[in-house]
2 protein chains.
Amino acid sequence: MNTYIDKINNYLKALDNDTLKALESISSTKNYKKGDLLLKQNEVCGRSYWVLSGIARKYYLNDGKEITTELYFEDDLAVSFESYTLQQPSREFIEALSDVTVSITNYQAFQNAKASYPKLLILDLMLAEYHGIWLENRLFQFHTMSATERYLDILKRSPHIIQTIPLTIIASYLGISLETLSRIRAKI
Amino acid sequence: MNTYIDKINNYLKALDNDTLKALESISSTKNYKKGDLLLKQNEVCGRSYWVLSGIARKYYLNDGKEITTELYFEDDLAVSFESYTLQQPSREFIEALSDVTVSITNYQAFQNAKASYPKLLILDLMLAEYHGIWLENRLFQFHTMSATERYLDILKRSPHIIQTIPLTIIASYLGISLETLSRIRAKI
DNA sequence: TCCATTATTTGACCTTGGTCAAATGTTCTT
DNA sequence: AAGAACATTTGACCAAGGTCAAATAATGGA
C-alpha cells in the first residue's frame, strides 16, 4: 500500500548533492504548538509543510461544522492542494493537532528551483501523482464502503489514527456524525 | 471553473515545434465504435486517450454493478490514473459511449520523450495537478451536497451530460440509485 | 409496422445514518 | 480536590436514499 511513498522516499534519497542542497537552501524548520493554524481559510497556501514530528490535519467549514479532509503524520506533506497549485485562496485550514515540527518550503522558491534543478520537477510530479492516487482511493472508499467498513478499514490500516485523534475529528474524516461513530464503536 | 484546463490548452498551443513534433510522432489517431472497451479491468493502462470526438466513460464493477467514475467529452484525457501512473493492473474499464475518435499516446514512449523534451514533463505535471484538483472537488461535492444538489449542479454546469447519457450511468456517476435519480427528476 | 429490448418511472417498504437532547466520562486548572 | 470544559455515549425519533417489484415509455431491428 505504501509503495508509491516508498518510491518517493527512495527518489529523495537518491537525489544528487546539488539538488538536495538547493532544496535545503529554500527550506526551513519551524515548530507549532497544538491548536496553531499553519494555514487559514482564504489565505493563499504559499508554502508546503513537511511533517518532521507530530500530527496535523486539514479541514474546511461546512455550515459551521469542521470537515476533516486529511490527516498528517511524520513524513507526510501537508498542503492545501488546489490553493497551492493555483496560488489562489484556500477553502481549507491546516491545524496542528499536537505540537508539530515541520520543514517549510516556499512555493515560489520551489518553482524557481525547479527551473534550475530538473530533478525537483520530477519530484513535484511524483508528489502530485501520489496525491491523485490517494484521492482516487478515498473516493473509491466512499463509494463502495459503509461507515462501519470505513471505520474498520482505518482501524486496520492506520490504528495510530484511532489512538491519537479525537473522535469528533475521526468522524468528520470518515464522513459520518460523531454519534454514529460512537455507535459503530459500541458494537465491536 | 475551466481556468486550469485553459491554462493547459494555452501551454499546449505555446509548445515549441520540436516538442510538438515529438508528441505527434508518438501519438496516433484511432476510432472506436459505441460500446467498445478502450481499457479492460486487470489490464495495465499503457496508453492515454485524448478524446477528439465522441463520448466515453470510466467505470468499475462493485458487486456486479457498474460505478461510473468519470465521463469524457471532446478534449478530455481518458486514462485510468493509478493504473497508468504505476503501470499496474487497472480496476477500471474505459468504454466508448458513442462512436469516438481518440489520439492515443503510449505510456512508455511518453516517458522516453519527457527525458528529451522537458516541456513534456511540465505538461505531465500540469495534467496530474489538474486531475488532483478535479478529484478534490468531486470529493468535496460528495461531502457537502445532497443527491438532489449534485444533480442540479451537473444540470447547471454540464447540461450536455444529462442530455446525451443514459440515466443509469448518470445515477452511478452521482453515486445514487437509478430510482432515486428518477424521483429527483420527477420533482423539477 | 410490430415485437423485443432497453430505459425510465412509480409504489411499497426498509436501512443507514443524521439530529436533538440528555447523561456520563475525562482532563486540565487552579 | 472541585469545577469547568471538553469528549464520549446513549436514547428517541427522523429523513434521505436504497431495494425489490411492477408498470410504462421509448427505441432499434426484422
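Convention: sequence-line order gives letters A, B, ...; per-chain numbering from 1.
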Side chain of T148(B) - closest among dG17(C), dG17(D), dT10(D)
dG17(D)
If you compare all heavy atoms of F142(B) against all heavy atoms of G175(B), which two are closest, and at what distance to 0.1 Å?
CE2-CA, 4.1 Å
Pairs under 3.5 angstrom, nitrogen or oxygen only, protein versus nucleotides 27-30 of chain D, please.
none

In whole Å, what is the span from the NZ atom of K187(B) to the P atom of dT9(C)?
13 Å
Nearest-Å distance for atom pair CE/P, residues M145(B) and dA16(D):
16 Å
Decide whether T29(B) and S103(B) meet the rule of one side-chain donor and one side-chain acceptor closer than 3.5 Å.
no
What's the CD1-C1' distance between I176(B) and dT16(C), to the nearest Å?
16 Å
Pair R57(B), Y173(B): side-chain N/O donor-acceptor within cut-off below 3.5 Å:
no
Are T69(B) and K58(B) close enough that a side-chain donor and a side-chain acceptor fall under 3.5 Å?
yes
With a distance cut-off below 6.0 Å to the six-membered ring centre and an angular limit of 45° from the axis, does R91(B) pair with F140(A) as a cation-pi contact?
yes
Separation of L97(B) atom CG from dA7(C) atom C1', in whole Å?
15 Å
Please write out the pairs of protein N or O atoms and N or O atoms of nucleotides 3-8 of chain D separated by less than 3.5 Å, giving the distance to one decimal.
from	atom 1	to	atom 2	distance (Å)
dT8(D)	OP2	L167(A)	N	2.8

Rounding to an integer number of Å, can you tell me how far R150(A) CZ sits from dT16(C) C1'?
11 Å
Measure the distance from CD on E149(B) to C1' on dG17(D) and round it to the nearest whole Å.
14 Å
If you take all heavy atoms of E66(A) and L61(A), which pair is closest and at what distance?
CG-CD2, 3.6 Å
Sequence-aligned protein contact record of nucleotides 21-30 of chain C, with B where the base is within under 4.0 Å of a protein heavy atom and S where only the sugar-phosphate is
B---------
Is the phosphate of dG17(D), meaning OP1 or OP2, less than 4.0 Å from a side-chain N or O of T180(B)?
no
Please tell me whether Y84(A) and E82(A) have a donor and an acceptor in their side chains that are separated by less than 3.5 angstrom.
no
Of all heavy-atom pairs between S80(B) and I94(B), which one has the smallest distance, and what is that distance?
N-CD1, 4.0 Å
So, does T68(A) use its side chain to make a donor-acceptor pair with the main chain of E70(A) at under 3.5 Å?
no
Between T144(B) and N62(A), is there a side-chain donor-acceptor contact under 3.5 Å, judged purely by atom types and distance?
no
Rounded distance (Å) that lies between atom P of dT8(C) and atom CD1 of I169(B):
9 Å
Heavy-atom pair with the smallest gap, counting every atom of S83(A) and C45(A)
OG-N, 2.8 Å
In whole Å, I'd like the distance from the CD1 atom of I184(B) to the C1' atom of dA15(D).
14 Å
